[in-house]
K.L.:
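The structure that follows is given in the form of structure tokens.
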Amino acid sequence: MVLLEKNYQQEKYEQYIYSLWEKAGYFNPDCISNLKLKIKNLKHFSIIMPPPNANASLHMGHAIFVFLEDIMTRWARLKGFITLWLPGTDHAGIATQVAFEKKLAQQGLTRFDLGRDEFLKQCMIFTLENKKNIEQQLKILGASCDWSRNSFTLDPKFLKPVYTIFKKLYDDGLIYRENRMVNWCSRCQTVLSDLEIKYKKEKSKLYYIRYPLKDDLKSFISVATTRPETMLGDTAIAVNPKDRRYKKMIGKTVILPLVNREIPIITDELVKKDFGTGAVKVTPSHDPVDYQIAKKHNLPLVQIINFEGVISAKGKQFARLKKDEARQKIIETLRNQNLLIKTEEYNNNIAHCERCNEIIEPMISKQWFIKMQPLAKKAIQALKNKQTKIIPKRFNKIMFQWLKNIQDWCISRQLWWGQQIPVYYCGSAQLSKLQKLMNKIKETRGCGKLFVSIDKPKICPFCGDKNNIIQDPDTLDTWFSSGQWPFNTLGWIDNAPDFQSFYPTTVMETGYDILFFWVARMMMLGIYATSKVPFKYVYLHGLIRDEKGEKMSKSKGNVVDPLSMVKKYGADALRIGLISKTAPGGDSHISEQKIIGTRNLINKIWNIGRFILSNPYANQIIKNIVFNKTDYLKQQNNNFDLASHWILSEFEKLKLDLQKHLANFSFGVAFDKINNFIWSNFADWYVEIMKIDDDLKPLRIQIGTQIFYEFLIWTHPFMPFLTEALYSEMKNIAGIKDENDLLLIKNPPPVRKKLIKDDWTKNFQKIQKVVQFTRNIHNIYSIRTPVKLFIVEKNNILKINKHIIKSFINDKIIFKKPSSKYKTITKKIDNITLYYNLEGAIDFQKEKTRLKNELLNLENQIKTKKALISNKEFIKKAPKQLVKSEKEKLKLLKNTYKQNKTFLDMLKKMSS
RNA sequence: GGGCACUUAGCUCAGCUGGUUAGAGCGUACGCCUCACACGCGUAAGGUCGCAGGUUCAAAUCCUGCAGUGCCCACCA
């Protein structure tokens with residue numbers, strides 16, 4: 001007999017247990033497959049971890065994915081699958097560069113002060129530190145991933161496959177370089193893809209400006225704009241061709257104020273008549289729509305804002321001013337020249353850099369793009385064929401819509417942190433001024449051609465030049481390599497055994513917020529590279545918000561830090577707190593309060609263990625179950641008392657529920673069932689019954705212990721540390737020393753369907769109802785002393801289980817109808833009648849009210865039931881089973897009603 | 001402008017392949033330190049499942065409309 005601590009102390013177990021798991025090596029599927037070599041047709045299960053960005057600590061968003069994936073992984077492992085959960089971290093191109101640049105800024109430095117090489121060196125140190133920290137945190141959370149396969153997106157080994165895919169796309173004509181209007185972040189000094197910009201509604205102003213006509217300088221055409229500073233780059237005024245107001249002006253020339261350039265008035269369908277004045281200034285270099293118009297009409301492009309967000313030399317007196325300074329100056333000047341008509345308040349939708357929040361400037365620039373339509377088509381096909389299923393389903397529609405309208409993807413970035421583009425130039429001719437400036441590239445001659453190469457080339461394939469080869473200084477969008485993560489981590493390039501065994505992976509579990517960024521691109525690139533979908537299921541989880549449903553953010557101060565929660569309440573408490581009461585794809589709320597609640601459950605289970613392990617026979621029983629594989633249920637030939645039958649039936653139902661809900665990815669519901677079983681059934685009833693001193697006590701302890709042991713295995717994925725801790729205490733008490741004997745890889749004992757019987761549930765529920773109502777009576781009348789309870793029943797179920805009832809209540813139980821000398825309160829439960837002799841404590845008025853209410857309630861129920869059963873359509877169309885049970889119910893209700901009526905009459909007589 | 005979701009007890013949320021008296025946790029009230037657990041035990045109060053129609057023998061669950069809330073996508077000066 002051992003005595004465990006009164007409360008579960010996670011700090012004593014968690015770290016130690018994780019080290020046991022790691023030491024045993026069972027996270028590594030190779031280890032398991034060695035154990036099981038004899039078994040044929042091994043099934044494989046794999047999850048590739050969405051690699052956290054290696055630039056900060058883990059937050060709740062990470063914790064949720066760790067827990068969900070760990071539950072899936074552990075469940076698969078228990079079921080005997082060859083299971084791989086492959087961990088990794090992401091260098092996270094722009095996100096990390098911005099984070100590190102913020103650090104540099106604290107020292108008053110920019111990346112250009114360090115230079116490219118030094119920057120990369122320091123940023124790598126920063127990233128590796130974070131990476132190490134994250135890996136430690138994943139272990140604290142209990143992630144059962146295979147560390148021997150740990151991957152980092154910037155591992156040199158990933159360059160070859162990523163470059164191979166780039167070259168293949170290039171050779172297939174799917175990657176191209178083009179001068180285009182792109183999103184430019186002047187803070188990050190790079191282009192961004194459309195997904196990396198976020199629109200925000202902001203209050204701004206709409207300025208109405210007069211442009212004088214060349215023919216008649218006293219006449220004007222007025223335009224409305226939110227960005228007056230861009231007028232320096234105007235190359236036309238456009239109106240809608242159907243706009244009669246401007247009919248006479250079309251084709252005329254205006255003098256662009258401030259710079260005195262002549263520009264034409266043209267027409268274009270894109271201009272809306274009812275906005276502003278109906279005339280729009282066209283600035284092709286700094287507005288996407290204007291760019292379209294300019295292309296159609298062959299207008300010249302005048303770049304007026306340079307890549308630093310400063311007015312260029314073409315802006316004459318405004319040159320070198322920052323955008324916003326220029327705006328003020330220009331407005332002032334226009335006002336002085338009487339060219340500003342008015343300003344209006346205006347709600348604008350303004351694009352910001354997702355990472356640094358800087359306002360995005362549309363710019364024309366030469367960049368690398370991937371042609372997406374052909375890739376998207378195949379992804380759509382695969383989704384339609386259900387080769388990949390998305391959970392929850394509704395995201396299919398969202399995915400289709402996005403894939404259908406997909407735009408080409410700009411994959412080059414002017415960042416330093418990332419994988420450099422595998423494009424080489426013979427001589428510097430094709431590089432932009434900016435590229436040369438930012439990367440200190442000297443002008444060289446060469447033949448001027450470009451080529452893609454997987455390995456670093458020594459000579460130019462076109463002219464044989466050896467000395468002038470320059471690699472494109474730009475890096476790849478971080479999502480380009482992330483998009484290849486599922487197959488590259490498994491060794492696609494070498495057709496490695498892992499790739500053969502684990503690809504396509506089973507589940508991709510991630511947040512819906514990166515559905516387009518990542519999931520869609522993995523689908524497209526996966527199919528492109530391997531001709532197979534990268535995963536069979538996509539499971540999407542929602543955002544984790546605070547208890548009020550608000551987004552967590554440092555500035556709001558409502559961040560709940562997962563690691564401090566683990567420290568306070570344990571990793572399992574946090575795990576359950578995050579997954580309970582959640583549905584796939586739904587946002588969930590977390591609060592310390594909720595975690596305290598789940599910690600209490602953990603402690604409850606711990607104490608059940610404490611109780612079981614403290615009984616004098618525990619060591620022998622556990623030894624028999626765990627070591628000698630004794631099945632106490634079989635030993636007794638499945639012939640137990642009602643309570644044991646009942647709890648076994650409930651337990652087997654729990655197993656079925658778990659199977660079902662885990663297969664459906666309904667983790668929240670699955671956990672609900674666990675909670676209900678262990679607390680409301682096992683602890684509240686069976687554990688109490690195990691304490692009864694009678695002939696059956698040893699048997700009940702055996703059964704209870706066996707159930708608890710099996711429970712630990714079945715629920716291990718939901719509370720891995722606690723269950724393993726309890727199991728290790730079990731081994732301890734049974735004197736088992738084997739450190740490799742871990743719950744982690746035990747097979748859940750099969751469901752014994754024979755033990756599920758509704759009769760047992762029904763009959764045991766009678767006991768529960770009697771106990772509950774008796775307690776209720778004691779409460780209502782504040783009676784703390786035992787009373788006489790007379791029970792009349794049809795069969796002898798309660799009589800046989802008298803001592804069970806007695807263990808829950810103190811009252812004297814007599815199995816016959818009380819004689820008329822007793823004044824009693826009566827209660828009808830199913831076919832059972834209870835009479836409570838409360839001696840002088842009966843409050844007749846109170847009791848009359850109670851009975852009247854009960855009668856009223858019954859009346860209503862009878863009414864609806866009667867209506868249902870007298871409905872011919874119901875009898876005809878409803879399932880027969882249902883009709884039968886409804887009829888029985890009505891009978892019972894009527895019966896109960898009748899009896900209660902007599903009770904009430906009796907009561908009236910007594911009190912009068 | 002287009003699309004997707006949500007609206008269930010005081011709070012936070014489950015349930016919705018249609019079928020008992022709609023559930024949980026927290027909170028509230030009352031009573032308990034009962035030898036596994038006060039991170040506990042017992043009892044109770046609390047909901048016409050947003051509104052209005054429809055389908056059906058039967059609707060919280062399916063359909064339509066409306067209202068409110070949230071999110072995503074889209075080039076509107």
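Here is how names work: the chains are called A, B, and so on, in the same order as the sequence lines, proteins then strands, and each is numbered from 1.
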K.L.:
Using a 4.0 Å heavy-atom cut-off, does A:Pro879 contact any base of the nucleic acid, only the sugar-phosphate backbone, or nothing at all?
P.N.:
base
K.L.:
Quick check for you: among B:rG19, B:rC39, B:rC4, whose closest atom lies nearest to any side-chain atom of A:Lys397?
P.N.:
B:rC4
K.L.:
Counting only side-chain heavy atoms from C-beta out, which of B:rA36, B:rG15, B:rG31 sits nearest to A:Ala683?
P.N.:
B:rA36
K.L.:
Looking only at N and O atoms, is any donor in the side chain of A:Gln401 or the base of B:rA74 less than 3.5 Å from an acceptor on the other one?
P.N.:
no
K.L.:
For B:rC39, does either OP1 or OP2 sit under 4.0 Å from a side-chain N or O belonging to A:Trp679?
P.N.:
no
K.L.:
So, is A:Lys865 near the phosphate of B:rU21, with a side-chain N or O under 4.0 Å from OP1 or OP2?
P.N.:
yes
K.L.:
Any idea which of B:rA77, B:rA14, B:rC39 is nearest the A:Asn348 side chain?
P.N.:
B:rA77
K.L.:
For B:rC33 versus B:rC41, give the span between their C1' atoms, rounded off to a whole number of Å.
P.N.:
10 Å
K.L.:
With a 3.5 angstrom cut-off on both distances, give the Watson-Crick or G-U wobble partner of B:rA77, or none if there isn't one.
P.N.:
none
K.L.:
Is the phosphate of B:rU43 approached by A:Arg775 (side-chain N or O, under 4.0 Å from OP1 or OP2)?
P.N.:
yes
K.L.:
Is the distance from the ring center of A:Trp409 to that of A:Phe516 below 6.0 Å?
P.N.:
no
K.L.:
Tell me: NZ of A:Lys404 to P of B:rG2, nearest whole Å?
P.N.:
16 Å
K.L.:
May I ask you to say what A:Arg599 touches in the nucleic acid, namely base, sugar-phosphate or nothing, with a heavy-atom cut-off under 4.0 Å?
P.N.:
base
K.L.:
So if I take every side-chain heavy atom of A:Lys889 and compare against B:rC71, B:rU20, B:rC32, which nucleotide ends up nearest?
P.N.:
B:rU20
K.L.:
With a non-hydrogen cut-off below 4.0 angstrom, is A:Phe708 in contact with a base, only sugar-phosphate, or nothing?
P.N.:
nothing
K.L.:
Could you tell me whether A:Val687 contacts a base, only the sugar-phosphate backbone, or nothing, with contacts defined as non-hydrogen atoms closer than 4.0 Å?
P.N.:
base
K.L.:
CZ of A:Phe682 versus P of B:rA36: gap in Å, rounded?
P.N.:
14 Å
K.L.:
Using whole Å, what does the distance between atom C1' of nucleotide B:rG40 and atom CD of A:Glu688 come to?
P.N.:
11 Å
K.L.:
Under the 3.5 angstrom rule, does the side chain of A:Asp572 hit a backbone N or O of A:Phe721 as a donor-acceptor pair?
P.N.:
yes
K.L.:
Does B:rA36 have OP1 or OP2 sitting under 4.0 Å from an N or O in the side chain of A:Lys691?
P.N.:
yes
K.L.:
Would you mind reading off the distance between A:Lys876 atom NZ and B:rU56 atom P, rounded to a whole angstrom?
P.N.:
13 Å
K.L.:
Taking a pair as Watson-Crick or G-U wobble with both distances under 3.5 Å, which nucleotide is matched to B:rU20?
P.N.:
none
K.L.:
Roughly how far apart, to the nearest Å, are B:rA45 and B:rA22 at atom P?
P.N.:
14 Å
K.L.:
What interatomic distance, in whole Å, is found between C1' of B:rC51 and the corresponding atom of B:rG68?
P.N.:
11 Å
K.L.:
Any ion pair linking A:Glu269 and A:Lys296 (charged N to carboxylate O, less than 4.0 Å)?
P.N.:
no
K.L.:
Taking the same atom, C1', in B:rU12 and in B:rG27, what whole-Å distance lies between them?
P.N.:
11 Å
K.L.:
Would a distance-only check, ignoring hydrogens and angles, find a side-chain to backbone donor-acceptor pair under 3.5 Å from A:Arg700 to A:Met690?
P.N.:
no
K.L.:
Could one point to a donor on the side chain of A:Arg610 or the base of B:rC37 with an acceptor on the other under 3.5 Å away?
P.N.:
no
K.L.:
Does a side-chain N or O from A:Asn7 land closer than 4.0 Å to OP1 or OP2 of B:rC37, or not?
P.N.:
no
K.L.:
With P as the reference atom in both, quote the distance from B:rG23 to B:rC66 in angstrom, rounded to an integer.
P.N.:
34 Å
K.L.:
Taking pairing as Watson-Crick or G-U wobble with both contacts under 3.5 Å, can you name the mate of B:rG31, or confirm there isn't one?
P.N.:
B:rC41
K.L.:
Counting heavy atoms from C-beta on, name the nucleotide in B:rG40, B:rU21, B:rA74 closest to the side chain of A:Asn349.
P.N.:
B:rA74
K.L.:
Between A:Glu5 and A:Lys12, does any side-chain N to carboxylate O distance fall below 4.0 Å?
P.N.:
yes
K.L.:
Round to a whole Å and report the spacing from NZ of A:Lys604 to P of B:rA36.
P.N.:
11 Å
K.L.:
Any strand counts, and the cut-off is 3.5 Å on both contacts for Watson-Crick or G-U wobble. Which nucleotide pairs with B:rU56?
P.N.:
none
K.L.:
When the nearest nucleotide of RNA chain B is assigned to A:Ile596 and to A:Gln772 on a heavy-atom basis, which residue is associated with the more 5' position?
P.N.:
A:Ile596
K.L.:
Which whole-number value in Å describes the distance from A:Lys201 NZ to B:rG70 P?
P.N.:
13 Å
K.L.:
Ignoring hydrogens and angles, state whether a donor on the side chain of A:Tyr836 or A:Asp811 is under 3.5 Å from an acceptor on the partner side chain.
P.N.:
no
K.L.:
The side chain of A:Ala583 lies closest to which of these nucleotides: B:rA14, B:rA77, B:rA5?
P.N.:
B:rA14
K.L.:
So does A:Lys568 pair up with A:Glu592, basic N to acidic O under 4.0 Å?
P.N.:
yes
K.L.:
Is A:Arg227 touching bases, backbone alone, or none of the nucleic acid, heavy atoms closer than 4.0 Å?
P.N.:
nothing
K.L.:
Need to verify one output field. Residue with the more 5' nearest nucleotide on RNA chain B, A:Arg545 or A:Thr277?
P.N.:
A:Arg545
K.L.:
With a cut-off of less than 4.0 Å, is there a side-chain N or O of A:Asn776 near OP1 or OP2 of B:rA44?
P.N.:
yes
K.L.:
Can you tell me the base-pairing partner of B:rG65? Count Watson-Crick or G-U wobble geometry only, both distances below 3.5 Å, and say none if there is no partner.
P.N.:
B:rC51
K.L.:
Could you give the CG-to-P distance, from A:Leu613 to B:rC37, as a whole number of Å?
P.N.:
14 Å
K.L.:
Can you tell me the pairing partner of B:rG46 across any strand shown, Watson-Crick or G-U wobble, with both distances under 3.5 angstrom?
P.N.:
none
K.L.:
Quick one: look up who B:rG10 pairs with, Watson-Crick or G-U, both distances under 3.5 Å, and put none if it's unpaired.
P.N.:
B:rC26
K.L.:
Just call it for A:Glu886: base, sugar-phosphate, or nothing, with non-hydrogen atoms closer than 4.0 Å on any strand.
P.N.:
nothing
K.L.:
Between B:rA60 and B:rG1, how far apart are the C1' atoms? Round to whole Å, please.
P.N.:
33 Å
K.L.:
Would you measure the distance from the C1' atom in B:rG10 across to the matching atom in B:rA29 and give it in whole Å?
P.N.:
14 Å
K.L.:
Would you call A:Tyr246 and A:Asp243 a side-chain contact if the rule is heavy atoms closer than 4.5 Å?
P.N.:
yes
K.L.:
Tell me what A:Val223 touches on the nucleic acid: a base, only sugar-phosphate, or nothing, going by heavy atoms under 4.0 Å.
P.N.:
nothing
K.L.:
Would you mind pulling out the nucleotide paired to B:rC4, Watson-Crick or G-U wobble, both distances under 3.5 Å?
P.N.:
B:rG70
K.L.:
Would you verify whether the NZ or CZ of A:Lys342 falls within 45 degrees of the ring axis of A:Tyr208 while also being under 6.0 Å from that six-membered ring's centre?
P.N.:
yes
K.L.:
Taking the minimum atom-to-atom distance to the side chain of A:Lys581, which one of B:rA24, B:rA5, B:rC72 wins?
P.N.:
B:rA24
K.L.:
Between A:Tyr199 and B:rC73, is there a contact of a side-chain N or O with OP1 or OP2 at under 4.0 Å?
P.N.:
no
K.L.:
Can you find an N or O donor on one side and an acceptor on the other, under 3.5 Å apart, linking the side chain of A:Lys6 with the base of B:rC37?
P.N.:
no
K.L.:
Using atom types as modelled and distance alone, determine if a side-chain donor or acceptor of A:Thr277 lies under 3.5 Å from a backbone N or O of A:Ala279.
P.N.:
yes
K.L.:
Expressed in whole Å, how much space separates the C1' atoms belonging to B:rC16 and B:rC62?
P.N.:
10 Å
K.L.:
To the nearest angstrom, how far is A:Asn871 atom CG from B:rU56 atom C1'?
P.N.:
11 Å
K.L.:
Taking 4.0 Å as the cut-off, does a side-chain nitrogen or oxygen of A:His589 come that near to OP1 or OP2 on B:rC13?
P.N.:
yes
